[in-house]
Q: 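Got a structure for you, written out below as structure tokens; questions coming shortly.
Basis for what follows: all heavy atoms, side chains included, without hydrogens, waters or symmetry-related copies.
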Amino acid sequence: MKKIFFEIIICFIGCLSGIVSTVKAQSDITIAGRFSKELPKGTKLNLIVLDEYALPNWFAFSTSYKSEISADGRFQLSFQPKSSKLFVSFKLEGPKQEYNYLNTLDNNFTLYLMEARDSLHLDISDDNIIFSGRGEDRMNCQQAIYANQIFPRNSILPLLRQKERKNSGDYVKSLIGLIDKNLQTKLAILDLYKNDLTDSVYQIIKYNTIGGAYLILCSQLWLDKGKGGFDFPQFKQGFLNWLSQIPKDDNDLAAFAPLYIKYLFEREQSRAAYTKYPDKIAQDFEFRDILQTITSMAANKQRDALLTATTINLADRKAGVQDTAASIFKMLKDPTIKNLFERWQSKTGNNVPAYAFSLPDTLGQIHRLKDFKGKMVLIDLWFNGCFGCKYMNKEMRKIIDHFKPKKIKDIVFISLSVDKTRKGWINGLKTKEYSQPEQLKLSTYGTSWYDNPFYKHYNFKGAPQLLLIDKKGNIISSGPPDPRLDGGKALIELMEKNL
């Protein structure tokens with residue numbers, strides 16, 4: 001009798017483990033496919049998966065899955081998602097660490113909404129992707145939306161001529177008109193798939209589509225500010241008129257759409273830059289200028305996402321953001337968004353341990369953070385070809401000179417290249433435009449930005465970038481004052497205070 005009982009238990013456990021395995025397998029996302037064109041040997045498909053409520057280029061809040069592409073163009077990968085819905089982007093990574101988005105079209109933000117249990121096959125040609133398998137309707141819908149470009153080849157030329165002729169008012173109206181008409185076409189494509197999508201998926205794709213279109217408008221107006229034919233009053237009026245015509249939408253599902261939240265952030269950043277001065281764009285607008293507007297909005301999930309996006313996006317560009325991070329955290333209500341914010345703050349906040357880096361110098365000798373205990377560390381991150389990095393380097397000369405000769409023994413100045421290759425790093429050093437003689441020359445070469453542990457830890461999104469670490473190895477600031485704005489006065493003051 002006991003033997004029969006134990007056989008039944010063993011059989012039950014075996015069946016249960018089989019069920020668990022089946023459930024787990026069903027929750028995995030599998031992706032396979034084939035490129036129709038020949039690619040260099042060693043090319044990989046890189047799938048970037050964003051964490052919930054993370055934005056594109058937040059490398060600290062994304063996971064990368066890679067598959068080497070075979071000689072006949074085939075690839076395959078699978079992973080278990082952290083949530084039932086997630087946004088992904090596809091990148092091609094070349095054998096020399098160079099990379100590009102698989103489908104750029106109007107911009108680099110081609111994000112696809114996927115769901116757990118998707119099982120997809122991709123047929124990829126030069127200018128299109130066709131999806132088949134479980135989840136194909138949702139993916140082909142998004143691909144059709146992205147393929148409908150706002151600026152088809154040569155369509156931008158007559159628009160640019162308006163600006164060259166100093167018709168800034170007409171230029172802004174025409175730009176808005178082009179984007180609005182294209183957006184209507186994109187939304188019409190989405191409606192064709194409406195019966196094949198759940199309501200929540202339909203709504204999230206809709207907000208992501210709206211955000212993607214308006215994001216291009218904000219970005220284009222921001223880029224136009226330094227070009228010939230720029231008439232600030234007309235640009236400003238056109239931009240503010242457009243903002244006043246966009247209806248407010250507090251739907252919580254919009255908070256899950258990364259491009260919509262990124263657009264809301266760019267909108268508020270542009271508003272602050274355009275309205276601070278009557279006759280020019282303000283490069284020196286302050287974090288509180290944006291924060292005041294956002295905190296006046298209705299308290300909901302969308303505001304939580306926007307507060308988080310604004311804080312994280314500006315933390316490495318505006319001094320003092322971390323000083324208000326604790327109070328912003330208290331405003332957040334959604335637990336998932338709060339968790340993301342807390343994870344970011346635990347790595348980049350004031351007085352938290354700095355990333356324990358281990359990086360080579362030009363001779364291959366490894367230098368570690370712990371080697372500099374007892375000294376303040378100022379790290380200047382750059383890459384070869386970065387114009388802003390050259391200007392930062394000129395200001396670094398002033399910072400170093402200020403502390404020579406009395407206090408320089410208490411400070412380690414590090415020039416940190418984030419070039420993908422050693423050759424790019426060394427070529428940059430040879431120009432003498434990116435570093436000073438007193439700086440220790442280190443590099444993160446061998447990885448791309450989005451894969452580099454140092455960059456991912458701090459969620460840095462570009463260069464130049466400064467990082468200030470105290471004598472105990474804790475962060476003084478992951479976004480210290482930019483010396484290009486005031487000749488280094490605020491940065492020197494911060495360093496003096498912490499020596």
Side-chain angles (χ1 to χ4, degrees), residues 50-62 82-83 85 87 207 211 248-273 276 285-355 456-461 467-470 472 474-481 490 494 497-498:
L50 298 183
D51 291 356
E52 276 189 281
Y53 302 104
L55 299 194
N57 292 343
W58 284 12
F59 303 131
F61 303 102
S62 65
K82 298 176 183 177
S83 54
K85 290 182 175 61
F87 274 93
Y207 284 113
K248 293 183 178 180
D249 192 328
D250 293 329
N251 191 327
D252 275 351
L253 285 173
F256 194 80
L259 297 187
Y260 190 80
I261 298 303
K262 183 170 175 59
Y263 143 66
L264 292 182
F265 161 70
E266 293 291 352
R267 182 187 73 183
E268 296 311 320
Q269 177 178 239
S270 299
R271 193 201 305 269
K276 184 167 185 177
F285 71 87
E286 297 181 20
F287 178 59
R288 64 170 178 262
D289 296 335
I290 297 181
L291 191 60
Q292 187 174 4
T293 303
I294 297 174
T295 52
S296 67
M297 298 176 180
N300 54 25
K301 188 177 291 189
Q302 193 177 134
R303 191 185 78 161
D304 280 3
L306 180 54
L307 274 171
T308 301
T310 304
T311 306
I312 294 178
N313 277 343
L314 292 180
D316 54 5
R317 285 188 276 157
K318 295 289 181 184
V321 173
Q322 287 287 0
D323 296 335
T324 60
S327 60
I328 292 171
F329 178 75
K330 292 178 180 178
M331 298 180 199
L332 304 178
K333 306 299 181 186
D334 182 82
T336 306
I337 298 176
K338 288 190 74 166
N339 176 263
L340 185 148
F341 192 98
E342 194 169 27
R343 284 161 56 202
W344 165 76
Q345 202 173 6
S346 69
K347 294 181 177 181
T348 65
N350 300 343
N351 300 316
V352 302
Y355 176 73
K456 287 192 74 166
H457 181 89
Y458 292 107
N459 200 45
F460 289 152
K461 296 171 281 298
L467 176 66
L468 188 60
I469 301 170
D470 70 16
K472 296 179 180 179
N474 296 324
I475 296 172
I476 296 173
S477 177
S478 56
L494 180 63
K497 179 181 177 182
N498 286 275

Q: How about N474 and I469: do any of their side-chain heavy atoms sit closer than 4.5 Å?
A: no
Q: Drop me the distance from Q345's CD to F329's CZ, to the nearest 0.5 angstrom.
A: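 Here the rounded value is 7.5 Å.
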Q: Short question: side chain of D289, backbone of A272 - any donor-acceptor pair under 3.5 Å?
A: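 Flag not set: sc D289 to bb A272 has no pair under 3.5 Å.
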Q: Write down the atom of Q302, the atom of A254, and the distance for their closest heavy-atom approach.
A: NE2-CB, 3.7 Å
Q: For the pair F87 and F256, name the ring-plane relationship: parallel under 30°, tilted 30 to 60°, perpendicular over 60°.
A: tilted
Q: Between E266 and K262, is there a side-chain N and carboxylate O pair less than 4.0 Å apart?
A: yes
Q: So which of T310, L307, L314 actually passes side-chain contact (heavy atoms from CB on, under 4.5 Å) with L291?
A: L307
Q: Would you indicate whether the side-chain heavy atoms of S83 and T336 approach each other to under 4.5 Å?
A: no
Q: Have D51 and W58 got a donor and an acceptor in their side chains that come within less than 3.5 Å?
A: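 No.
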Q: We want to know whether N350 and D323 form a side-chain donor-acceptor pair, criterion being a heavy-atom distance below 3.5 angstrom.
A: yes
Q: From E52 CD over to K85 NZ, what is the distance, rounded to the nearest 0.5 angstrom?
A: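 Between atom CD of E52 and atom NZ of K85 there are 10.0 Å.
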Q: State the CG-CG distance between N251 and N300, to the nearest 0.5 angstrom.
A: 9.5 Å
Q: If I take atom NZ from residue K338 and atom CZ from residue R343, how far apart are they, to the nearest 0.5 angstrom?
A: 15.0 Å
Q: Measure up the Y458 and F460 rings against each other and bin them: parallel (under 30°), tilted (30 to 60°), perpendicular (over 60°).
A: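 Geometry flag for F460 against Y458: parallel rings.
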Q: Is there a donor-acceptor pair under 3.5 Å between the side chain of K472 and the backbone N or O of N351?
A: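 No: the side chain of K472 does not pair with the backbone of N351.
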Q: Please report the closest heavy-atom contact between P258 and L55, naming both atoms and the distance.
A: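 That closest heavy-atom pairing would be O-CD2, 3.5 Å.
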Q: Just verifying a value: how many Å separate L264 CG and L259 CG, rounded to the nearest 0.5 Å?
A: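 CG of L259 is found 11.0 Å from CG of L264.
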Q: Take the angle between the ring planes of Y355 and H457 and call it parallel below 30°, perpendicular above 60°, tilted in between.
A: tilted
Q: Any idea which heavy atoms bring D334 and I337 closest together, and the distance?
A: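 So the minimum-distance heavy-atom pair works out to OD2-N, 3.0 Å.
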Q: Checking the side chain of S478 only, and the main-chain atoms of T348 only, is there a donor and an acceptor separated by less than 3.5 Å?
A: yes
Q: Could you give the distance from CG (L332) to CG (D304), rounded to the nearest 0.5 Å?
A: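 So the CG of L332 and the CG of D304 are separated by 5.0 Å.
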Q: Just by distance, do the side chain of K318 and the backbone of F285 share a donor-acceptor pair under 3.5 Å?
A: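 Between the backbone of F285 and the side chain of K318 there is a qualifying donor-acceptor contact (under 3.5 Å).
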Q: Verify the neighbour count for atom CZ of R317: are there more than 12 heavy atoms of other residues, nucleotides or ligands below 6.0 Å?
A: yes
Q: Which heavy-atom pair separates Q269 from I290 by the least distance, and what is that distance?
A: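 Nearest pair, atom of Q269 first, then I290: CA-CD1, 3.6 Å.
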Q: Which pair of heavy atoms, one from L340 and one from Y53, lies closest together, and at what distance?
A: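 Minimum heavy-atom contact is CD1-C, 4.0 Å.
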Q: I want to check something: taking the side chain as every heavy atom from C-beta on, are T308 and W344 in contact at a cut-off of under 4.5 Å?
A: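 No; the side chains remain at least 4.5 Å from each other.
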Q: Write down the atom of Y263, the atom of G211, and the distance for their closest heavy-atom approach.
A: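 In this case the closest contact between Y263 and G211 is CB-O, 3.5 Å.
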Q: State whether the side chain of K461 and the backbone N or O of N459 hold a donor-acceptor pair below 3.5 Å, judged by distance alone.
A: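 Yes.
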Q: Just by distance, do the side chain of E268 and the backbone of I294 share a donor-acceptor pair under 3.5 Å?
A: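 It does not hold such a pair.
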